[in-house]
Amino acid sequence: MQFAVLTLFPEMFSALLGAGVVKRAIENRYILVEPINIRGFAKDRHHTVDDRPYGGGCGMVMKPEPVAEGIRYARKKHPEAYTVLLTPQGRLLNQKVAQELAGCKGLILVCGRYEGMDERVSEHLVDDEISIGDYVLTGGELAAMVVIDAVARLIPGTLGCEHSAQEDSFSTGLLEYPQYTRPRSFEGVNVPEVLLSGDHGAIRQWRRQASLGRTILRRPDLLMGQPLTTGDIEYMKKLQQDIKTIIGKHSTGS
Ligand code: 4FM
């Protein structure tokens with residue numbers, strides 16, 4: 001997968017490209033990330049990329065021409081790529097969106113700066129707008145890096161053999177179960193006995209129930225429309241019964 005990133009701060013991407021899974025994925029040619037400086041497409045003597053907003057107001061708006069030229073350049077290099085603007089106005093990124101983007105034949109990620117992007121860019125020059133969450137950043141770069149990171153690890157080969165993206169949280173639709181490693185006892189807290197038992201059936205069941213339990217408590221929204229087994233339902237009924245018993249003990253005044 002090739003990622004072209006249009007940005008006024010290409011140097012920011014060295015943080016993403018210089019370490020960890022993404023660095024290795026680039027070295028092994030599973031992905032390619034090319035930051036492209038939008039300022040290079042500014043035509044005037046001062047390489048101007050921003051201007052005052054029509055209608056007045058504080059702050060500056062990104063001029064459309066250099067962004068348009070940058071997108072045209074990236075599209076010529078990657079004719080089949082999907083062009084995405086990072087903005088809080090976009091549809092929210094989640095694992096499903098990341099999977100969809102991982103299926104694209106290349107991505108062109110457009111990062112804005114200042115108080116906004118000229119609306120004609122968002123309206124006519126990009127295929128999609130994506131937000132990484134309901135908060136405001138000072139530019140699209142960190143959001144683009146989040147998208148690259150989340151998508152890169154879904155490209156076959158990038159994670160190596162030590163891990164499968166199919167097995168992690170969100171592929172099951174539930175939160176991840178707790179993980180432990182040595183030592184068996186740490187600051188007085190022991191690893192759950194079942195994980196030391198060697199009983200792989202019991203371990204599988206314990207992990208599934210731990211995932212279900214923490215998903216109900218922390219992110220009940222994730223459980224809606226999730227395929228649940230009869231075993232899952234039985235376990236949740238037991239949890240419900242346990243909760244009722246505890247509440248009952250309180251309301252009877254003990
Ligand atoms: C975006 C600043 C465009 C200026 C931003 C311009 C964001 C987010 C975000 C800031 N991007 N998810 N949240 N961008 O805050 O994606 Cl012109």
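- A salt bridge does not link Arg120 to Glu123: none of the charged side-chain nitrogens sits closer than 4.0 Å to a carboxylate oxygen.
- No donor-acceptor distance shorter than 3.5 angstrom exists from the side chain of Ser131 to the backbone of Leu92, with no hydrogens or angles considered.
- A salt bridge does not link Lys63 to Asp118: none of the charged nitrogens lies less than 4.0 Å from a carboxylate oxygen.
- In this structure, Asp149 and Val21 have side chains that are not in contact, with every pair of non-hydrogen atoms separated by 4.5 Å or more.
- If you take CD on Gln209 and CG on Leu212, they are separated by 7.5 Å, rounding to the nearest 0.5 Å.
- With contacts defined as side-chain heavy-atom distances shorter than 4.5 Å, the pair Ile233/Tyr235 does not qualify.
- In this structure the side chain of Leu86 never reaches within 4.5 angstrom of the side chain of Val110, judged on heavy atoms.
- When atom types are taken as modelled, the side chain of Thr87 and the backbone of Gln89 share a donor-acceptor pair closer than 3.5 angstrom.
- Using modelled atom types, no side-chain atom of Arg208 and backbone atom of Asp232 make a donor-acceptor pair closer than 3.5 Å.
- Atom CE of residue Met12 and atom CE of residue Met145 lie 4.0 Å apart, to the nearest 0.5 angstrom.
- A donor-acceptor pair is defined here as one N or O able to donate and one able to accept, closer than 3.5 Å; no such pair exists between the side chain of Asn28 and the backbone of Tyr30.
- Under the 4.5 Å side-chain heavy-atom criterion for grouping Ile, Leu, Val, Met, Phe, Trp and Tyr, Leu137 is connected to Val146 within one hydrophobic cluster.
- Of the charged side-chain nitrogens involved, at least one lies within less than 4.0 Å of a carboxylate oxygen, so that Glu34 and Lys77 count as a salt-bridged pair.
- Contact annotation: the side chain of Leu222 approaches that of Leu175 to within less than 4.5 Å [non-hydrogen atoms, C-beta and beyond].
- Once rounded to the nearest 0.5 Å, the distance linking CG of Leu174 with CZ of Arg214 reads 11.5 Å.
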Donor-acceptor pairs under 3.5 angstrom involving side-chain atoms of residues 240-247: please list them, not counting sequence neighbours.
from   : atom 1 : to     : atom 2 : distance (Å)
Asp242 : OD2    : Lys238 : NZ     : 3.0
Thr245 : OG1    : Gln241 : O      : 2.8

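- Proximity of Met62 to Val67: side-chain heavy atoms (C-beta onward) are separated by under 4.5 Å at one or more points.
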- [ ] Apply side-chain contact (heavy atoms from CB on, under 4.5 Å) to Phe41 and Ile36, showing your working.
- [x] CA-CA 10 Å; Phe41 300 95; Ile36 300 167; 3.6 Å; yes
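- Distance check: Leu101 CG to Met1 CE gives 7.5 Å after rounding to the nearest 0.5 Å.
- Heavy-atom neighbours of Tyr180 OH from other residues, nucleotides or ligands within 6.0 Å: above the threshold of 12.
- Remark: Glu193 engages Arg184 in a salt bridge, criterion side-chain N to carboxylate O under 4.0 Å.
- Under 3.5 Å, the side chains of Thr7 and Glu141 contain a donor-acceptor pair of N or O atoms.
- Two residues are said to be in side-chain contact when any heavy atoms from C-beta on lie closer than 4.5 Å; Leu6 and Ile108 meet this criterion.
- Taking CG of Leu195 as the start and OG1 of Thr181 as the end, the distance is 11.0 Å to the nearest 0.5 Å.
- With contacts defined as side-chain heavy-atom distances shorter than 4.5 Å, the pair Glu234/Thr229 does not qualify.
- Both Ile155 and Val97 are members of a single hydrophobic cluster when ILVMFWY side chains are connected at heavy-atom separations under 4.5 Å.
- Ion pairing between Arg91 and Glu100 holds under the 4.0 Å rule for side-chain N and carboxylate O.
- Looking at Arg75 and Thr83, their side chains do bring a donor and an acceptor atom within 3.5 Å of each other.
- At distances below 3.5 Å, not a single donor-acceptor pair connects side-chain atoms of Glu129 with backbone N or O atoms of Leu85.
- For the atom pair CZ (Phe9) and CG (Leu142), the distance works out to 11.5 Å, reported to the nearest 0.5 Å.
- In this structure, the side chains of Val151 and Phe3 come closer than 4.5 Å at one or more pairs of heavy atoms.
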